[in-house]
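Indexing begins at 1, ligand by ligand and atom by atom, following the structure's order. All residue numbers refer to positions in the sequence shown, counting from 1.
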Amino acid sequence: MKDTARQQSWKIQTELPVEYEIVESHGLFDPENPDLLSLPGGRRSTGTRLVVLDHSVEELYGAEIRGYFSKNRVMVDYLTLPGSEENKSIERVLEVVNKLNDVGTNRLSSPPIVIGGGVVADVVGLAASLYRRGIPFVRVPTTLLGQVDVSVAAKSGINYGGYRNRLGAYTPPPRTLIDRGFLATVPDRQLRNGMGEIFKMALIKDLRLFELLEEYGPELIATRFQDPDSTSTSLPGTVADEVIGRAIAGMAEELQPNLWEKDLQRSVDYGHSFSPLVEMRALPELLHGEAVAMDCVFSALIAAGRGLIGSAQLERIVAVARRMGLEPSHPLFCDVALVLDGLADTVRHRDGRQNLPMLTGIGQVCFLNDVTENEIERACAGMGRLLDANAARPEQCIGSEL
Ligand SMILES: NC(=O)c1ccc[n+]([C@@H]2O[C@H](COP(=O)([O-])OP(=O)(O)OC[C@H]3O[C@@H](n4cnc5c(N)ncnc54)[C@H](O)[C@@H]3O)[C@@H](O)[C@H]2O)c1
Ligand SMILES: O=C(CO)[C@@H](O)[C@H](O)[C@H](O)[C@H](O)COP(=O)(O)O
Ligand SMILES: [Co+2]
């Protein structure tokens, strides 16, 4: 028999304080602007910095970026990576790791900088979290989705084995810099895509944000969130700031108390319950924010089926999505077997529970754990009716399709 009285054991207990900042900075590549050079805590970087550029950013801003670093006499090396979901892959992560080796990146004092959309931010974020078991990095999101959502994230992930974000890590960069000026070159469809995540945020917690989207959504897209010149639009200058600001603040408020996601009832998972598998199967047809907006509608159909929201609220939700050029439905959302498969994987992701964020009004959620196959079938049928209506496009008879 084992002598348990003599068995030794040791326990290590520690705490990990985490602090990271999201800072607006206008004119990021103005050589006089130090924001991209300074490290949190005011330290100066030593050694060569790796600057990873999204391929569109390279095309549009490459010369300006090179000018910025050379005028500031900072040693840099560059890597260009493609955006778009198919490139959120382990191969791209390893490409970054190889480049960090080539550059000779220091453990702490020469954090790589990533400038681009959510895809390159996720790829570099994961590479940084793996390199020497974790080095800091600086994130500069250049798409709308990147600025309102990725900017706040503590986690990074890549797609693997046909699943979204199957591999990833929780390692927030100490600093994220946001320059709304980048949005001037973002294509319309990508702006609408970003609106998909703002739409989610509005639905779960911010009626005012929803009303702003309802009133100004199309104009914000048309003006690319830039300061309007008085002749071309009636959009008040502060609306773009308020919309971006509310979306970021909402995300920060949701993430901070549950950064490591020990509580798997997360309202920011709204729009991300049924869509992940649909999005992966639809690749490259659907963008992330487009799939999220469809999931928002799908979930709202379930909520309406239960009487948690009324039909007028459901119609308003669909109408706002459409006003922003976001299709509320897609044929894959009518495929009951696929949606059920997607839900089954989401249940595993939520450790065996559905934890489905469900609207109880515009701007408020509850969580459900007893959504039945029957309800899913009915929601899929509702998505089918929305598709039919899209085909016919009688803008005024949204009510009858639902
Ligand atoms: N880490 C997180 O918690 C988190 C949070 C939200 C979203 N994401 C991820 O973000 C990804 C989506 O990001 P995205 O929508 O930025 O897609 P993306 O990175 O593919 O960028 C979209 C397109 O815009 C181009 N682009 C980037 N900046 C531009 C600019 N200023 N002007 C013109 N074109 C530009 C890119 O080259 C690309 O073609 C998804 O994979 C999603 O999972 C991650
Ligand atoms: O899409 C993302 C992250 O990729 C965000 O918009 C979103 O709010 C959340 O992180 C989602 O809740 C998805 O989380 P997860 O499925 O990647 O764990
Ligand atoms: Co998302």
Side-chain angles (χ1 to χ4, degrees), residues 28 53-61 80-89 92 114-126 129 139-159 163-173 176 179-201 204 224-225 247 250-251 254-255 258-261 264-277 279-280 283-284 286-293 295-296 342 345-346 348-351 355 357:
L28 206 52
L53 302 178
D54 176 298
H55 71 295
S56 306
V57 169
E58 166 75 270
E59 242 174 75
L60 293 159
Y61 303 93
T80 301
L81 291 180
S84 82
E85 204 60 40
E86 308 89 288
N87 293 300
K88 225 171 82 157
S89 66
R92 297 295 177 188
V114 55
I115 310 178
V119 165
V120 292
D122 262 354
V123 165
V124 173
L126 185 57
S129 78
R139 183 167 58 188
V140 183
T142 59
T143 57
L144 178 61
L145 192 145
Q147 297 197 345
V148 297
D149 190 339
V150 185
S151 63
V152 196
K155 56 188 182 184
S156 48
I158 53 154
N159 307 324
Y163 291 101
R164 262 182 63 71
N165 293 337
R166 189 44 37 107
L167 299 175
Y170 291 83
T171 42
T176 295
D179 185 347
R180 190 150 58 77
F182 283 117
L183 304 185
T185 56
V186 171
D188 274 11
R189 184 176 173 199
Q190 295 292 346
L191 289 174
R192 285 198 277 274
N193 180 46
M195 285 295 206
E197 292 282 12
I198 303 179
F199 181 54
K200 167 195 89 173
M201 191 51 68
I204 60 171
R224 306 201 134 59
F225 285 77
M251 194 71 181
E254 289 303 308
L255 293 194
N258 185 26
L259 201 64
W260 315 124
E261 303 184 16
L264 292 172
Q265 289 202 335
R266 303 175 67 235
S267 54
V268 291
D269 278 346
Y270 192 69
H272 296 71
S273 299
F274 309 97
S275 65
L277 198 58
E279 185 188 337
M280 286 295 106
L283 267 180
L286 283 182
L287 302 177
H288 176 63
E290 293 172 343
V292 166
D295 184 314
C296 289
D345 190 59
T346 289
R348 287 189 286 275
H349 197 53
R350 298 181 191 162
D351 201 38
N355 286 341

Specify the protein heavy atom at minimum distance from atom 32 (N) of ligand 1: its residue, its atom name, and the distance to 0.1 Å.
Thr185 OG1, 2.8 Å

Show which atoms of ligand 2 fall inside a sub-4.0 Å distance from at least one heavy-atom site of Arg164.
1 (O), 4 (O)

re atom 16 (O) of ligand 1, the protein heavy-atom contact at minimum distance is Thr143 OG1, 2.6 Å

Please state which protein non-hydrogen atom is closest to atom 1 (O) of ligand 2 and give its distance, to 0.1 Å?
His288 NE2, 2.9 Å

Are any of the N/O atoms in Pro187 less than 3.5 Å from those in ligand 1?
no

Residue, atom and distance of the protein heavy atom nearest atom 7 (C) of ligand 2 read His272 NE2, 3.5 Å

What is the closest protein heavy atom to atom 28 (N) of ligand 1, and at what distance does it sit?
Thr142 OG1, 2.7 Å

For atom 14 (O) of ligand 2, what's the nearest protein heavy atom and its distance?
Lys155 NZ, 3.1 Å

Ligand 1 atoms nearer than 4.0 angstrom to some heavy atom of Arg164 are 41 (O), 42 (C), 43 (O)

Please report which non-hydrogen protein atom sits nearest to atom 15 (O) of ligand 1, along with the residue it belongs to and the distance in Å to one decimal place.
Asn193 ND2, 3.1 Å

Side chains of His272 and Glu197: donor-acceptor distance under 3.5 Å anywhere?
yes

For ligand 1, is there an atom lying under 4.0 Å from some heavy atom of Gly116?
no

What are the two closest non-hydrogen atoms of Thr80 and His55, and how far apart are they?
CG2-CA, 3.6 Å

Please tell me if the side chains of Leu81 and Val123 come closer than 4.5 Å, counting only heavy atoms from C-beta onward.
yes

With respect to Lys88, determine whether any N or O atom, backbone or side chain, lies less than 3.5 Å from an N or O atom of ligand 1.
yes

Does some side-chain heavy atom of Ser156 sit less than 4.5 Å from a side-chain heavy atom of Asp122?
yes

Within the stated cut-off of 2.8 Å, is an N/O/S atom of Asp149 closer than that to the Co ion (ligand 3)?
no

For residues Glu85 and Met280, determine if any side-chain heavy atom of one lies less than 4.5 Å from a side-chain heavy atom of the other.
yes

Could you check atom 8 (N) of ligand 1 against the protein and tell me its nearest heavy-atom contact, residue, atom and distance included?
Val150 CG2, 3.6 Å

Any sub-3.5 Å donor-acceptor pair from Asp54's side-chain atoms to Gly116's backbone N or O?
no

Heavy-atom check, side chain of Tyr163 versus side chain of Pro276, under 4.5 Å
no

Using distance alone, decide if ligand 1 has a nitrogen or oxygen within less than 3.5 Å of any nitrogen or oxygen in Asp149.
no

Taking the side chain as C-beta and beyond, is there a heavy-atom pair between Thr176 and Val150 under 4.5 Å?
no

Using modelled atom types and a 3.5 Å cut-off, is there a donor and acceptor pairing between side-chain atoms of Asn355 and backbone atoms of Leu264?
yes

Which residue supplies the protein heavy atom nearest to atom 6 (O) of ligand 2, what is that atom called, and how far is it?
Asp149 OD2, 2.6 Å

Below the 3.5 angstrom mark, is there an N/O of Glu197, backbone or side chain, next to an N/O of ligand 2?
yes

If we only count heavy atoms from C-beta on, is the Arg224 to Thr185 side-chain gap below 4.5 Å?
no

Hey, does Ile115 have a side-chain heavy atom less than 4.5 Å from the side chain of Phe182?
yes

Just distances here: any N/O of Glu261 and N/O of ligand 2 closer than 3.5 Å?
no

Which is it for Leu287 and ligand 1 at heavy atoms under 4.0 Å: side chain, backbone, both or neither?
neither

Do ligand 1 and Glu197 have nitrogen or oxygen atoms that lie under 3.5 Å from each other?
no

Among all protein heavy atoms in this structure, tell me which lies nearest to atom 20 (O) of ligand 1, with the distance rounded to 0.1 Å.
Ser84 N, 2.7 Å

Option of least heavy-atom distance to atom 12 (O) of ligand 2 (set: Asp269, Thr346, Asn159, Val292):
Asp269

Atom 41 (O) of ligand 1: which of His288, Glu85, Glu59 has the nearest heavy atom?
Glu85

How far is atom 35 (C) of ligand 1 from the closest protein heavy atom, and which atom is that?
Ser56 CB, 3.7 Å

Is there a donor-acceptor contact under 3.5 Å from the side chain of Asn193 to the main chain of Arg189?
no

Shortest protein contact, atom 8 (O) of ligand 2 (heavy atom only)
Lys200 NZ, 2.7 Å

Distance check, rounded to the nearest 0.5 Å: Glu279 atom CD versus Leu287 atom CG?
8.0 Å

Using a 3.5 Å distance criterion without hydrogens, assess whether the side chain of Lys88 forms a donor-acceptor pair with backbone atoms of Asn165.
no

Atom 19 (O) of ligand 1 [closest protein heavy-atom partner, distance rounded to 0.1 Å]
Val119 N, 2.9 Å

Under 4.0 Å to a heavy atom of Lys155 - the qualifying atoms of ligand 1, by number:
1 (N), 2 (C), 3 (O)

Would Gln190 and Thr143 count as having a side-chain donor-acceptor pair, cut-off 3.5 Å?
no

Got Val140 and Leu28 here, is their nearest side-chain heavy-atom distance under 4.5 Å?
yes

Taking atom types as modelled and ignoring hydrogens, do the side chains of Tyr61 and Thr142 form a donor-acceptor contact shorter than 3.5 angstrom?
no

Salt bridge (charged side-chain N to carboxylate O under 4.0 Å, His left out) assessment of Asp345 paired with Arg166
CA-CA 11 Å; Asp345 190 59; Arg166 189 44 37 107; 2.7 Å; yes

Give the name of the N/O/S atom in Glu197 that lies closest to the Co ion (ligand 3).
OE2

Near Leu60 (heavy-atom distance under 4.0 Å), the atoms of ligand 1 are 32 (N), 33 (C)

Scan side-chain atoms only and decide if Ser273 and Arg350 contain a donor-acceptor pair under the 3.5 Å cut-off.
yes

Among all protein heavy atoms, pick out the one at the shortest distance from atom 4 (O) of ligand 2; state its residue, atom name and that distance to 0.1 Å.
Asn165 ND2, 3.1 Å

Closest protein heavy atom (residue, atom, distance) for atom 16 (O) of ligand 2
His349 NE2, 3.4 Å

Under 4.0 Å to a heavy atom of Gly83 - the qualifying atoms of ligand 1, by number:
20 (O)

Taking only non-hydrogen atoms of Ala153 and a 4.0 Å limit, the atoms of ligand 1 in range are 1 (N), 2 (C), 3 (O)

Evaluate Ser156 for polar contact with ligand 1, using N/O atom pairs at a separation under 3.5 Å.
no

Any chance you could measure Leu183, atom CG, to Phe225, atom CZ, to the nearest 0.5 Å?
7.0 Å

Could you grab the angle centred on the Co ion (ligand 3), going from NE2 in His288 to NE2 in His272, to 10°?
100°

Pull out every atom of ligand 2 sitting under 4.0 Å from any heavy atom of Met251, numbered as shown with elements.
8 (O)

